[in-house]
Structures are given as C-alpha cells and as structure tokens.
Amino acid sequence: MNRRTTRFFFSHNENRSRMSELPKTYEPTSAQARWIQHWESKGYCNADPNPDRAPHTIMIPLPNVTGALHMGHCLNGTIQDLLTRWRRMQGCEALWMPGTDHAGIATQAVVERRMLEEEGLTRHDIGRDALVERIWAWKDQYEGRILNQLKQIGASCDWRRVRFTLDDVCSSAVRRTFFKMFRDGLIYRGKRLVNWDTHLQTAVADDEVFSEDVDGHFWTFNYPVVDDDGSATGQVIRFSTTRPETMLGDSAVCVHPTDERYTDLIGKQVLIPVNGRRIPIIADALLADKELGTGAVKVTPAHDPNDYACGLRNGLEMINILNSDGTINEEGGEFAGMDRKDARRAIVSKMEELGHYEGVEDRKIPVKHSDRSKTEIEPYLSDQWFVKMDTLAQSAMDAVDDKRVRIFPQRYTKTYMDWLGEKRDWCISRQLWWGHRIPVWGRTLPVEPPPDGEYQDATELIADQVAELLREDQENSLTEAEVNEAISALAVGTGVPGETRFLVCVDGGHEEIEAKLNYLGFEQDPDVLDTWFSSALWPHATLGWPDLQHNPPLVGDPAPSGEKNEVLDYFYPGSVLVTSRDIITLWVARMVLTGLYNMGDVPFKHVYIHPKILDGLGQTMSKSKGNGVDPLELIDKYGTDAVRFTISSLAGETQDVRLPVGYECPHCEAVTAQTKKHQDMKPMGGDTPSIKCAKCKKSFQFPSPWFTPDEGAAVARIVSERFDYGRNFCNKLWNASRFAFMNLEGYTPGTVSMDDLQMEDRWVLSRLATTAREVTTQLERYHFDQATRTVREFTWNEFCDWYLEMVKPRLRDEAMRPLAQRVLVYVIDNLLRLLHPFAPFITEELWHMLNQLATVRGLFETSEASESVMVAPWPEVSEQLVDAELESRFERLQQIIVAVRNVRALYKISPKEPLKLFMRCSPEVAAQMQAVADQFDNLSKTMLAAAGLEVDRPGASANFSMGDADGYIPLEGLIDTAAERERQEKKKQELIGHITGAEKKLGNENFVSKAPENVVNDVRETLAGLKAQLESVERIIEELS
RNA sequence: GGACCUAUAGCUCAGUUGGCUAGAGCGCCACGUUGACAUCGUGGAGGUCACUGGUUCAAGUCCAGUUAGGUCCACCA
C-alpha cells in the first residue's frame, strides 16, 4: 500500500521525531487505545459532587449480561457519550453511570442451555447454589466484555461507579423497596393466571411471550344437559375447542344472555362426560359471542385468560389441572400424570368413545410461546407476588402530565400514558434461581387469621406473635431491645385470604433476624423478583439509596465514605435518560414510579427515545435473520469516530433508521448488498451457498441463521457501506488539520484586531460562530442528525473547500503568515472542540498535535489551551462575529467563481489555463470585486481584467449573468457562438418560467392582501432579481447575435 | 381490532411555526493527481414530493380518505 507521508516542521521543539511525519490517512486503532488509557489515567471521566458546577447525570440503560453489545447498544451508547462529553465541556460535572443488568430469566436460560448442550446437565442436577455460582461466573465474563465494548466506542463513563443489579448496593435498594411496599400494603400475594413456561418452570411476563401460528385442530364436542338429580334430559350443548384437555378443569358452560337457542337452558347443568362432574350453564355477554361457532363456550377459569375473567365475574370454581411441568395433576383423575399433549389425545378418544364427539377440522392456531425457551406457554393458575399499581401508576402519569418528566420526541408520551393508564398490577415474582430472592419468610402459625379488611390490626397482631416467638427463642436469648429492633425491621402480613400462613418481610441488612426466622421454622420464599424490579430502581439505587449516611462505594474502594450521601444528593435526579421505545413501559414508566415512591422526586427530567436500527429491507436486525452488524467489527474496519459520526447522523426524531447491510468480500473487501434472497438461502444438494464477488469474481460464503459456513472456507463479514460517510469525514478533518499543521512553522500567539482581518477570515469566523450556535441548539433538542450535518457542512463545505483554499497564498507569504496562522489556529481549535463529542479520538489526537505547535491561542484574547480537548470548554458563541452583510458579499464571490469554473468545464478548458474576466456591474460591486481580485486568481486562475458600468462584452466570450453583474470570459477560438446562444436561450426560458410564476402571484389580489407583508416583499425582491438576470441574459443574447 | 411511525433523486435521508426557483451523502457521467486529502477536487445529469379529495392567497409541509411498508398493544372459545 502506498502510504505517502509529508514532512512538516516544528519550530519550537526539535524533540518531536514521533510527530515529524504525519500519515496521509488517520489510523484509528492506535489512537483509540492510547486515548482510552490516557483519559482513564487522568480521571477525566470521573464525576464527584462539586458545588461550583451544575450536575449532569445520565444513567446507562443497563445492558443484559447475556451477551455482547449490538448495533442498538452502539447507537444508544454513542448518544449518551455525545451528551456527556458535550455537557462536560460546557462546564457540568457530567456523570455517566455505567453498569449491567443480571437480566434474570434471560441469563439463567443462556447458562442452562449451555450446560445442557455441553454437559447434559439440568439445573435440578446441580442444585440452586451451584447453578447460581455458574451464572456468576458467566456474568463476570460478559460484564467485562460489555464494559470493554463500551470503552471501545469511547464511552466516558465514570468507571469507578460501575454497578450491577445484584451487587450489594443495588441489592439493599431492592430489599428496602420491597420492604416499604410490603409494609405499605402495595405488595400482595395472590393466585393469578400467568403465562407458564413448562420447560423453564416459571411464570413468564406478557412481554416475554410471542405468538406464533401452529398447525392444530379445532374439535367440536357436546356436553349432555342433566337434571338436578343428574339424569340426562336428552338435550346437549355443542361447543368447539382447540384444547380438549382443559375439559378436566371446566367449571361452566357459557352462552350469551340473549341467545335464543339457549335461553331456556341457562341455570341448568351439564355433565362433563370424561370425569362425570356437573357444571352450570351460565350467561355472560362478555365471554360468549352469538355469532361465533355454536354460540356456546366451555369455561376453564384456571387455564384461559378470558375464562379466568369470566370465572371471577361469576364466582366460578378455579380448577387447576396441571402440574408445574405441564403434566396433568390429580384433578385429572384417570388422566393424571399424562403430559398435556397426551391427555389431549386421550380425552378426544374418550369423548368419541362416549359418543360426544362431533367432528374436527384442521386449523392454524395462534399459540403463545415463551421468548426464552421457545416452548408453548400454558395459562396457569399459580401463587405470585404483585405490586398494586393504582396510586403508583397515577403518580408516574402525573409526573409526565405536569412536565416534571419530558419525553422527546413528544409523541411517545402517549405510549407511556396509555400503558400506565391501564394500571394493571405488576406480577413481580419469577420461579427462577438467578435474581433477588423475595425477602419474605412464611410459616403457618397457630393463631386465628385476621379477618379480611382489617389489615392494620392484623399486622400488629401478627407482629406480636412473631415478637413472642423471638422472645421464646431460648438458644439465642434476645434482650427486649433486640426484639424491638428486630420487629422494626419486620413487616408482617397474611398470604392469600383464607390461609393461615403468615408472611414476614425482613428489611435488608438483618441477617441475624433471617437466621432466627429460619430457626423458628420460617422458610424463605423460593421465588426471585422480576428483573425489572431491580432495574426500576436503577437511577437512585446506583447512587447508594437507601443509605443516606454514606457515599456509595467505588470500585477498588468498597468502604462507604463520608457522613452524608452527597453523591445521591448531588446527582439525583438525572438529567436525561437515553433509551429505545420498546422499553418505555417496562422500564421508563417503572423507574418514574419507583423514583417518586422512594425518593419523592422523578428519576430524570428528560427522556430521549432514539430510533431503532433496521436493515436495508426494513427489518429489525437479529442473529436469526442474519443481518446483524457487529459494532466491534465496524470499529475495526472504519474506526470508532467514523462509526460514531455516522450513527449520530442517523439519530433524530424518526422512529426507525435503515442501515442496508452487505457482505464484505474476504478476498478484495468489495461489498455485496444483502438481499432477501441471501437471507433465505439454504444449502441445496448439500452445497453451502456462496456469493460471487462482482469485483474480483471470486466466491465466498457468508454467515447465516440457516447453516454454518464450511470449515476453512473464505467467509464474508457483514458490514454497512454507510459508515464510509463517517470515515471519509474523519479523513477530511485529518487532512485539513494536517495541512494546517504543516503551515504553522513560525507560529506566534498574539491578539488581532478586527481591522487586520481579511474578508475570508471574517467570513469563516462568522460562519464558525453561527455553526457553534446551531450545533448547541440542535443538541439541546436532541436533534443529533441535524447537529452532525451542521458541523460536517461547516468543516467540509466552508472551512476546507473555501477558507483553506483562500488562505493558502497568505500562508506562503512571509508578511501575511503570522495573522493567517492565528486565525487558522483559532478556527481549528474551535472546530476540534465542536467535533469532540461526535468524534472523541481523532479530535484528541489532533488537539495534542496542535498543542505542540501552538500552545497559546486565541484571537481577541489569548490563553493556554487545555491539556485535553475533552476538558476544554465548549465553543462560546460570539454573536458579534456574525456578519450577514459580509456573508452575502462572500456568497457573490463564490457564485462568480463557480460560474467561471462552470465555463471551464463547459468548454473543456484546463484549470491551468489562465482566463480573463470582464464584469459589467455597478461601481460598488466593482469595488468589492477589485478588493478580492486575488481570490479570482487563486481559486479559478482568472484575472479580473475590468469591472464597472462601462465594460463592454469582448468578442467571442463565454457569458454568465447574476442579476447585479454580467460576466464575460474571452475565449478566442473556442467559442461556438450558436451553441453559446442556445445555452443562454435555455437559461432565458428558465428565468421566464420563474418570472411568470412570481408575477402571477403578485397579480393575485388575494395574495397581496392576505399574505404577510414580508412574504410579499420577498416575492417582489425575488422577482426583481429574476428580472435583472433576465435582462442580463437578454443583453448577452443580443450581443451574441 | 386499537395506537404510533414511514412513503421526496437509482439508494439512504434532510426539508423547523405552510412562503420552494425542492437539497445532501452515496451511486452515475465528464474532466482532473498544482505540495492537505483519489477515503480527494471541479462540473454535470437525475424528482408529477405514494395516490385521491379538502382547507388556504399559497401545500412536499396542514386535514380526511386510499394504498404500501414498519412497530407496539389488545384479541383470536
């Protein structure tokens, strides 16, 4: 590879051999490693309470420790880091709190699956403690990997504060919250129909369930109607079902109250032939639908959500017919012990045998599956723990209503409100081993259960009973003070109404009481908490709540410090939460309600919901589609800054962004766009599919969910060419800086006065000031896409394309150089600061180089630059540098230069060929043109031969018209007059079109009278300009004739 | 069934409270390696703003409907 390098000079330090040559392209890998290490050693990422600064707090949406980070995390992390770096530069004490989530069922499932695959062991083989130990080992491995990935994307988290939802700090928050809620009567235990995963033997949340159509059957049976004494009346009720085995748990047959076919049967009974039970015929308008099937439906309250609701409404018996592993329990009589699928077949046969079978049809049936085990879900009645949501949900709705929490983009407040508005109680127990164990101990006590509705009294009554038991504890003989202290850490309640089982909740940090309870025969609840219970506490738990006396411990310094928790005090509430829309309900809403409940304040003021990354076909990315892009591979290929820059250019207010992916040829690196065909390719005739590279014609295989590439085959990796955008930008910035650095020989710091500045200096300063202001407002509004575009356009299209080109001659001129250098240094200095949040590594690399060449810098006042751009101040907007009049004059200069270049291209005149330019224009314009004549020469190798009112068209010249100026470029021997006239005629027609439009507008009475004055004036001005241009064109045409 | 989002150049997207002679990057065509950059420069071609109505002096932008795609929620005996 031809890597040319360029020498450049360092005047005030000979000892710079490392930097004496700067490569032509930015090489990200070494820079990244160096600066990650540097920032960490300097402690720039650390944040501590500081009364002189405003806090800015971001809590990371804790990634699951199930696996590596993907593109979504990459986008999420990039934005948080961008905000954190920006606010830090603005002078905030900016905390970005890192950490990970134990992710309960997801992590346990991954570890169990691997254990089964690799060793053939289930969790029951090794037991609770051993399994949990294995999961911890997994967690340590993946947590490290995730944190490292975050560092690779440049995350400036305060790594001393890393938290994990199962660590001591978070655990004590979980314990206290549960205890408080239990004591306040917000947590209760009840029988509920849950989604039961018979494989993992746990309840699965609604959102962890997906529905999939499977081939099934739709049977029709009948139940005979019977008299009070049980004898058949001869009538039958026909009904259909996809799950005949649930007959064993039927407690009614339901019809619509107005269904005339059945009105006379309502209140009578039917017999379930397979077990001989008699059940009533009831009427329920919500459950039965006259139009569907036979209009009658069997009701199985314990095994169907709708039937459950119907059961509650009608006081039906809830008969659970399943064991937790999906086999039929003793309620099933002769079918007990059978798997539910076997029972289904057996029952169908029996019904047929007994003559109650009516028919069957094949049908696609939507069946709920567990996200985790991919097995079919059974609706199952089981004992679970719940949080009452009514008041909590209301508080979280109020917080958004009165704007204590604001959601960006605003439309997502609807998602949040709608979900909370349902106020469905939150099932928080999971039958797992990995997680926060429910801190409740239970035992059947020899006392009368308190009557329902007298909860307060009952609590006291049972607390006395427990205290008594503690006093009677001979072996540990507690003093009365100890007993009282222990009782204060207890909350007592009853379980399900009607049971004589008493439940004692113990606050965290009271292991001695737990021990006593165990001794007294209490047993701790085996379930663990829903993982969202602990992540709901994340914003305050990570800051050390409920310990208000000490600052939370730091990594490597586990002792809590101080006399007051200043960290919590200072950093709570957070500033902004950056997350994706799919967890607005699961996580965001719950954080708000627990924050209000525990802290009395919202957890964050803003929520920014970022877009979701889809592939080129509009599908979500996932391993199972074979369209996932690995952020680390992208970083390896394009560099972190390039990835971040492209990512931020995508993040605005849209819901989704598309990232078309492709296969990178392992031979030549050319990218083949991925299509649906590739995604669906399967091995044919035993051959692994391969793709032929269009560029090098060699074949390669590719990753796929359907097959594994052959051993030793050349395999493409999945990339996206959209990251060229960021990489090219970094390269541009690198080379512009490189050019500047090569021209800083002899740089001297010093102030300048406005009068000393050239037009291009004042222009670039004006544009820089505007850019800084725009970027700042765009970031304030979370419009990262716009901010990226703004900063890119300034850098490339203004600074590089125009300013650098214009300043080149002055940098070669001994006398003019010092001032030009100061402006150049000033602009680069500001530009690097403006770009740092977007592209931290390259800006830091360049900043340090700049520091070696020009430590002291500034225009109207000078000062020594910060050691690192990361802690340099965010560019201040100096409005007095913005000069609109100058910008519009500059624009005319640009237009003329473009017009000249246009003529060159049209007539195929080499850029080296010098041209003459004649301008017919007003004396003012002429004077302005004369003042910048050097730039015509510099930028378009054109000499301004004459300018003024008296200028005539030289013969045989190319022409352009600009409204307030006619331009002529003599091209003896090159001009084809006819073609030139045709070109001008075309231009004329275009102008006439626009003029007609404008005149029509102004001729419209309604427009002139109703449109705002400034709009009308704008049109008048535009029209005048168009007319002037038309005149100019017509003049030229005349001259050409 | 309910809610939300999207539809603008071959591709990916901008287009702020309606004022448009509709823009950018990539790709394409032509020319070009003069000491920052070929990951580049200069110039160019390319669009009935999904469709149908409506509101308005004025609609890519607002409203209603249609079509297509996406996402979430609910439901499917």
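In what follows, every chain begins at residue 1, and chains take the letters A, B, ... in the order their sequences are listed.
Going from the P atom of C26(B) to that of A38(B) covers 15 Å, rounded to whole Å. Distance check on atom C1': C4(B) versus C40(B) gives 44 Å, rounded to whole Å. Separating the C1' atom of U6(B) from that of G15(B) is a span of 16 Å, rounded to the nearest Å. Spacing between G69(B) and C28(B) at atom C1', rounded to whole Å, works out to 28 Å. Across U52(B) and U61(B), the matching P atoms stand 13 Å from one another, rounded to whole Å. Between C63(B) and G27(B), the distance separating the two C1' atoms is 38 Å to the nearest Å. Between the C1' atoms of U21(B) and U17(B), the separation comes to 23 Å (whole Å). G25(B) sits 9 Å from G41(B) when the P atoms are compared, rounded to a whole Å.
When the side-chain nitrogen and oxygen atoms of Asn1006(A) are compared with OP1 and OP2 of U56(B), none of them lie within a distance under 4.0 Å. Side-chain nitrogen and oxygen atoms of Lys908(A) include none within less than 4.0 Å of the OP1 or OP2 phosphate oxygen of C31(B). The phosphate of C40(B) (OP1 or OP2) has no side-chain N or O of Trp734(A) nearer than 4.0 angstrom. The side chain of Lys24(A) places an N or O atom within less than 4.0 Å of a non-bridging phosphate oxygen (OP1 or OP2) of A38(B).
Between the P atom of C72(B) and the CE atom of Met417(A) lies a distance of 22 Å, rounded to the nearest Å. Computed from coordinates, the His994(A) NE2 to G19(B) C1' distance equals 16 Å when rounded to whole Å.
Ion pairing between a basic and an acidic side chain is recognised when a charged N comes within 4.0 Å of a carboxylate O; Arg789(A) and Glu774(A) show no such pairing. The existence of a salt bridge linking Arg581(A) and Asp656(A) is confirmed by a sub-4.0 Å separation between a basic side-chain nitrogen and an acidic carboxylate oxygen. A salt bridge between Arg810(A) and Asp813(A) is absent, with no side-chain N of the basic residue lying under 4.0 Å from a carboxylate O of the acidic one.
Taking every side-chain heavy atom of Trp796(A) into account, G41(B) is the closest of C73(B), U39(B), G41(B). Of the candidate nucleotides C5(B), U12(B), C57(B), U12(B) has the atom nearest to the side chain of Arg722(A). Of the candidate nucleotides A3(B), U12(B), U21(B), U12(B) has the atom lying nearest to any side-chain atom of Arg658(A).
For Glu1005(A), the CD atom sits in a loose shell: 12 or fewer heavy atoms of surrounding residues, nucleotides or ligands are nearer than 6.0 Å. Heavy-atom contacts from other residues, nucleotides or ligands closer than 6.0 Å to CD of Gln989(A) number more than 12.
In this model, a side-chain donor or acceptor of Lys732(A) finds a partner on the base of C37(B) within 3.5 Å. Looking at Lys808(A), its side chain comes within 3.5 Å of the base of A36(B) through a donor and an acceptor atom. A donor N or O paired with an acceptor N or O is not found under 3.5 Å between the base of A14(B) and the side-chain atoms of Glu793(A).
Within the nucleic acid shown, Thr1022(A) comes within 4.0 Å of at least one base atom, counting heavy atoms only. When heavy atoms are screened at a 4.0 angstrom cut-off, Cys800(A) is found touching base atoms of the nucleic acid. Pro305(A) comes within 4.0 angstrom of no nucleic acid atom, judged by non-hydrogen atoms across all strands.
In this structure, Phe799(A) and Phe794(A) have parallel ring planes: the angle between them is below the 30° cut-off, well short of the 60° mark.
The ring of Phe838(A) has its center no closer than 6.0 angstrom to the ring center of Phe729(A).
Atoms CZ and CD, on Phe218(A) and Glu361(A) in that order, are 6.0 Å from each other to the nearest 0.5 Å.
With RNA chain B read from its 5' end, the first of the two nearest nucleotides for Pro911(A) and Gly616(A) is the one closest to Gly616(A).
Within residues 773-782 of chain A, no residue is approached by RNA chain B to less than 4.0 Å at the level of any non-hydrogen atom.
For the 3.5 Å distance criterion, the side chains of Thr300(A) and Asp250(A) qualify, holding a donor opposite an acceptor.
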